[in-house]
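In what follows, a structure is listed as structure tokens, so that the remarks can point back to it.
Only this structure's heavy atoms are used, side chains among them; waters, hydrogens and symmetry mates stay out. Throughout, a chain's letter reflects where its sequence line sits, starting with A, and its residues are numbered from 1.
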Amino acid sequence: MMRVNLTLKPMGSWSIPIEAESIIPANFLSGTDLTVWRGNRELGLEEAFSVSVVGGADRAEDVEIVLAGKTARLKRVGEYMDAGKITVLGDIGMHCGNFMTGGTIEIQGNADGWLGREMGGGSIICRGNAADYCASGYRGGRKGMTGGRVEVYGRVGDFLAENLAGGTVIVHGDAGDMPGAEMRGGTLIIHGDCTRPAANMKDGACYVYGTARWMLPTFRNLGTVRHEGRTLIQFTGDVANRGKGNLFVGNYEYLD
Amino acid sequence: MKFLMNTGRTVNQGVTVENKGSVEYAREASTCFMHEFDMLELGVDDGDPVLVRGPVGEVVMRVKASVEVEIGTVFVPYGPYANHIVAADTHSTGMPDFKSHEVEIEPTDEEPKLVYELMEDLGGLAYER
Amino acid sequence: MTELLVKNAHVIDPLSGINGETMDIAIRDGKIVEEVSAAAEVIDARGMLTMPGGIDSHTHICGTKVNFGRYMSPEDMRAGRTPRRGPMHATSGYSVPTTYGNSYRYSVMGYTTLLEGAMAPLEARHTHEEFTYTPLQDTMANTLFDGNWSIMEAIRDGDVKRVAAIIAWTLSAVKGFGVKLTNPGGTEAWQWGKNVSCIRDPVPYFGVTPAEIIRSVIEANELLHLPHSVHLHCNNLGTPGNYTCTLGSLGLAPDLNPRRQTLYATHVQFHAYGGSGWKDFSSKSEPIANLVNMRPQVVIDMGQILFGRTTTMTADGPMEFNLYRLHHEKWSNHDVELETGSGIIPVIYRRKNLVNSVMWAIGLELALLTKSPWQCLLTTDNPNGAPFVRYPEIIGLLMSRRYRDAEFATIHPDTGSRVPLPAIDREMDWYEIAVMTRAGQARALGIQDLGKGHLAPGADADVAIYPIRIDEVDPSADYQKVIDGFSRTEYTIKRGRVVARRGECVVHGSNSTLWVRPKVSENYDMGKDPEFVEKFDRYYTVRMSNYPVQEQYLNRSRCIETETEL
Amino acid sequence: MNVKDAVCPFCGCLCDDIEVEIEGDRLVGVTNACELGATKFLGGERLKSPIRREGKAWKEISYDEAIRYAADMLLDAERPLLYGWSGTHGEAQCVGVHMAELVRGVIDNTSSVCHGPSVLAIQEVGHPGCTLGVVKNRADLLIYWGSNPIDAHPRHLSRYTCYAEGFFLENAFRDRKVVVVDVRKTQTANIADEFVRVRPGGDYAILSALRTIVRGKTDTIPRMVAGVTRDQLIRVADLCLNAKFGAVYFGLGLTMIPGKYKNIRNAIELVTELNRHTKFTISAMRGHYNVYGSNEVNTWMTGYPFAIDFSRGIAFYNPGETTAVDVLARKECDAALIVGSDPAAHFPRRCIEHLAEIPVVQLDPYPNATTAFCKVQIPVAVTGVDAEGTAYRMDGVPIRTRKVLSSDYLSDEEVLSRMYALMQEALKR
């Protein structure tokens, strides 16, 4: 096993984000001669981080990266990650785990926007809150997340799991506006409340255990069902979009 | 009282927009259009100053009766007064909630500031006073 | 004075009658000359295949609808991004690259002249602005007349000279090069959500038929002595059984011009379909090619498709809506007042799809069954059939039966019974490829006298030197070498300067735009025609004085004045 | 002297039939323009020369000095923001893109706080549109949704839609029906045949409901949707289906409310659905006279219409991250060049607070709210008045604005080109 400890050094007066897509387990198999970017300046990994490596590994599966320091503006960590583990002790910046296909990312704090964008596999656990576009897709793209699992213990922002096409997304707290918009597959589970779930959905399953506010009027009510010990109201739609998705809600309120 | 604040363009705002130092621009952009019933309840008349408090700050405007706005909502022309209290959160779309902000409005004795005073409050230095 | 000497090149230059001679090419101040001084810079092209710069006679690279294709497709843009490097600006995009992306990628493939296939006159300024940012090729624009109200009215009145006068005024105003008809009449009908099904359907309100539009505009085109012929995108694109409509349209072309064709039919692959629906969809390349073989007044281009992702864009608005209803992705449409329209949707052509497999075969068949390469030019209707960066694959397919068979084995298994391709043995040679990618284009566009498409003294010094030794490569077997060779020149020379070298563009460049000003007598100056002016003022939303494209939009203006019969 | 067919550089209508009267070097009269346009032509008190802030005072400086300051500022920055661009001509916008590419900065235009959400929607589902003249000549149904042309685009109705002469309409005024959908009963709502008053935030639900009704699934819809009765929705759907040519013009009433671009997407999908039955188009009421041009220029040069981040050399696009409001509010830039806009008047306060902390250079003919946050402001000629150049109308039609007056002011393009040349030279060294 190899453990890579990276502690972000304090940066200058502005909060210019650092992009660090080089931080994935596989890259550390061949050393720490990596670079990151702050704005338009390329920095050596050790200019930005205190680096220590404990142990060794031959394959990415056996590498764990532990990120410490004020990492809330550190972007693109874990992008294209395919194996191994990244643990973030604090908060993490945007685009963590983009295009990830395998391995695990665990964030002890909060995650900024686009957590696990266009993810294809692996798993992301966020102990705090996640911001907008968690488990979503790219602008203009047809498919968002296609596989894997994202689990957020806190609440999430707007446009959660937009264009979800596969995989599972679980949020234990509340979600913001329009979770599961344009869903075409996969499973989205929100334990708390949200507004306008599954707007324009085509297919897939969306569960809201709490209350769906501003429930869209274009879903057909199919009556109640039992689901994992809960009674939920089942809808199908979005009829506006010729959709055949399933939306289950604990409770709902129209904006009438 | 709580209101939903909407902002937008008006002819007068458009006519004065190239001359932001002018009294006319300040007057237009600091107008808070309100339904007459709400004005009654708030105890204000046309032209009275009101303190509008939003999620990130407060600003003084002058109220004006309008038949266009619904009860419970106010309309403020785009500009530095409305933006003094509008939050910068864009829900990661690039666009703030310019047209849907919950605000608290109460009568006040203060006068609306001039545009340059608002700018200096935020750390700027006015060129023309 | 700048001089350049390309030594020991292995030259194929069909318009000069040169087929594989080792020779030197002398260049002075942007032109080919007999000889240069000893001070000339020397490029050793020993044994390398050297041809006039490539010419694309039908591509979509600049203008309103191309840019909208970019605008609506951030997912396409991120596919081909490069940073600013040396004299090269940043680029983005795969199927609809940015202007710099188009220009650099074409240049690396040895292309030096491009014809934008469709420019709406009202929005011509936009096309010219983008031309300026397409620095490494000379540019020209086909101008759309398919739904032009004044022209349809003149046709209804039987006044071909007036048709010609309107074309003359418009080309001069918008700095257009040729006359384009896209689904003639159909784009006007589409402004009511309707279409015309073939050449005998009258256009709503105007009453004229596509056949009348095609015939009258051909006559008008020849009255104006334009360098290029009418450039036709036939009615009924993309529908099963449309080949009869195509045959009918090609049959309308009279033989009026001894120097070139009188009808250029574009992306004919999309118009050569048999069957009564998608279930019995089949190739009708044979009857089309047979007709072309009998009619020297017709030139076609392939409109080849290749499997993969691309974006379709055309002035043919109704066709794009029908395509949208099949694909259900995203759909854009843009109708242009009094003139034309356009539509855009992204598509993916799949090997496992029978219709797509048949389409793939048809393009190749058209090229292989048309006897003269001068009559069937190599295009994909970029980016409709595939992005132009894939032209080398098409060259490989045309030159190698083995490559075709290998590809055929991977497509839908039922394709064989619906297409004649498996029975075609023809393998094209280097000379024929040179015709299909530059010489034929120059002749069809009527620009060989302007120094395009050949390397005779006096010609523009636009030269493509490919790292291919044609005496060592057997294209039939080594098709991958052919593809690689045509993908990246050793040198691309534009106006006497090396602009690209082994995949890198080495100068910023500066395009010139070719356009036509037909000289007509006072009586036929539509700018002074009271009826024309009044209609313009009442129904356009732009003032007539603000309509013409000012010359400052043309980076290096090359105006071609024609003597007309008006 | 009178100049005919001048082009109005105020709003996206880009009216090109303006007549201006010139006396010497002054513009004294404007005919045909609306009140907004006339005011713009007549202008106000401009800055005489570049100014530089020194402590608590302003000092006049030379153009050379001002341009050099701006070039150095951009070269020194780690993530400069180049913002605005809608109030200038296309040629200047092109230089701006080259500059952003060279210094690896973020370039964004005012559409991010205007119709940026509309762009995002178009990127999801496309855009069935047309030029204004198609509507003028054909449309028998007009829908203004969340837009108020009488205040924001005063000549839209008379020049292009309701009151314009139309080739296929016998009596445009009588033969066209108008539907207005808004949360306020605006001036435009007063002229509507059908006014649909929506509860704030309810537009998305209404649009979904209309799509469902057009599809014939009316029974799914509750009796009341966001303050609108089902009966009224059915009536509106029937008006749409019975129109020969319908045109929707939407405004910021759809882009600035919750859901943002999803509202536009829904509106576009309604129009796409209607095209299965009749002819329908939809278009955005663009604000600045050349905001659409800025989208066009950015697109052909970078691949994206706005919000482009060149930090890493290649063009990266992610509105919400690379848009000006987000960059400023998150303090993610360390210098700003502002051209042809006034963010201090139009951005939320947190953005302005960051402008106060970083070096800012602005190109603008007039002192404005952003002046207060500038280190340097450079006065320029006004496009359409004393400078010319290309602008794109709200429907994508490019028109060359005219220079109707001569002045000593440099155009935006000239100032930016000089700046760019200095930057190129510095990087060569």
Side-chain angles (χ1 to χ4, degrees), chain B residues 4 6-22 25 29 33 54 56-57 59 66-70 72-73 75 77-100 115-116 118-128, chain D residues 10-11 35-36 39-40 43-45 51 53 56 58 112-113 116-117 120 148 150-152 154 183-186 197 200-201 252-253 255-258 260-261 287 307 319-321 323-326 328-329 342 344-353 356-357 366-369 371-373 377:
Chain B
L4 189 71
N6 181 5
T7 69
R9 294 198 185 101
T10 63
V11 169
N12 285 334
Q13 175 257 350
V15 165
T16 53
V17 74
E18 302 284 358
N19 191 4
K20 297 211 178 69
S22 69
Y25 178 74
F33 293 95
V56 294
V59 68
S66 167
V67 292
E68 294 185 2
V69 295
E70 281 272 82
T73 68
F75 178 83
Y78 278 147
Y81 294 86
N83 281 317
H84 211 66
I85 56 173
V86 165
D89 181 13
T90 73
H91 306 261
S92 304
T93 65
M95 171 69 84
D97 292 330
F98 285 124
K99 282 189 179 286
S100 58
V115 173
Y116 79 80
L118 287 179
M119 295 300 123
E120 296 206 332
D121 285 353
L122 297 176
L125 173 70
Y127 173 71
E128 287 172 323
Chain D
F10 189 83
C11 82
E35 206 182 335
L36 305 174
T39 314
K40 173 99 190 231
E45 194 62 32
I51 52 169
R53 179 175 169 176
K56 287 278 171 197
W58 293 99
S112 62
V113 291
L120 296 182
N148 180 17
I150 289 183
D151 272 317
V183 295
R184 271 190 316 144
K185 193 161 197 298
T186 59
R197 186 165 207 156
L252 304 184
T255 65
M256 289 180 171
I257 58 170
K260 308 281 172 8
Y261 64 110
E321 177 183 4
T323 24
V325 167
D326 300 276
L328 287 168
D342 187 4
H346 299 124
F347 277 8
R349 69 182 289 164
R350 274 198 53 193
C351 304
I352 305 170
E353 285 164 357
E357 292 179 17
Y366 302 104
N368 60 18
T371 307
F373 301 91
Q377 178 167 347

Phe373(D): ring-ring contact (aromatic ring centres under 6.0 Å, His included) partners, not counting sequence neighbours: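 Once residues adjacent in sequence are excluded, Phe373(D) has no partner under the ring-ring contact (aromatic ring centres under 6.0 Å, His included) criterion.
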
Applying ring-ring contact (aromatic ring centres under 6.0 Å, His included), can you list everything that pairs with Tyr261(D), at least two apart in sequence or on another chain?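 Tyr261(D) satisfies ring-ring contact (aromatic ring centres under 6.0 Å, His included) with Phe159(A) only.
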
Between [options], the one whose heavy-atom pairs under 4.5 Å with chain B are most numerous:
options                                   : result
Gly43(D), Ala344(D), Pro367(D), Ala152(D) : Pro367(D)
Thr371(D), Leu252(D), Ile257(D)           : Leu252(D)
Glu353(D), Gln377(D), Arg53(D)            : Arg53(D)
Tyr366(D), Trp58(D), Phe10(D)             : Trp58(D)

Just wondering, more than 12 heavy atoms not from Glu45(D) lying within 6.0 Å of its CD?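 Not buried by this count: 12 neighbours or fewer within 6.0 Å.
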
Is it the case that more than 12 heavy atoms not belonging to Arg350(D) sit under 6.0 Å from its CZ atom?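 Result for CZ/Arg350(D): open.
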
Checking [X] against chain B: side chain, backbone, both or neither under 4.5 Å from a heavy atom?
X         : value
Pro319(D) : both
Glu321(D) : neither
Ala307(D) : neither
Leu36(D)  : both

Heavy-atom check, side chain of [X] versus side chain of [Y], under 4.5 Å:
X         : Y         : value
Pro96(B)  : Phe347(D) : no
Asn148(D) : Arg9(B)   : no
Ser92(B)  : Asp326(D) : no
Val183(D) : Asn6(B)   : yes

Shortest non-hydrogen contact from [X] toward [Y]:
X         : Y         : value
Val113(D) : Gly94(B)  : CG1-O, 4.1 Å
Cys351(D) : Ala88(B)  : SG-CB, 4.2 Å
His346(D) : Tyr25(B)  : NE2-OH, 4.4 Å
Met119(B) : Ala372(D) : CB-CB, 3.8 Å

For chain D, find which of Leu122(B), Val86(B), Val69(B) contributes the most heavy-atom pairs closer than 4.5 angstrom.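 Top option by heavy-atom pairs under 4.5 Å: Leu122(B).
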
Given the options Phe75(B), Tyr78(B), Tyr81(B), which has more heavy-atom pairs under 4.5 Å with chain D than any of the others?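 Most heavy-atom pairs under 4.5 Å with chain D: Phe75(B).
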
Between [atom1] on residue [X] and [atom2] on residue [Y], distance to nearest 0.5 Å:
X         : Y         : atom1 : atom2 : result
Ile51(D)  : Tyr127(B) : CD1   : OH    : 5.0 Å
Asp121(B) : Arg349(D) : CG    : CZ    : 8.0 Å
Ile352(D) : His84(B)  : CD1   : NE2   : 8.5 Å

Quick check: does any side chain N or O of Lys260(D) sit under 3.5 Å from a backbone N or O of Met95(B), one acting as donor and the other as acceptor?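 Pair found, side chain donor or acceptor close to backbone of Met95(B).
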
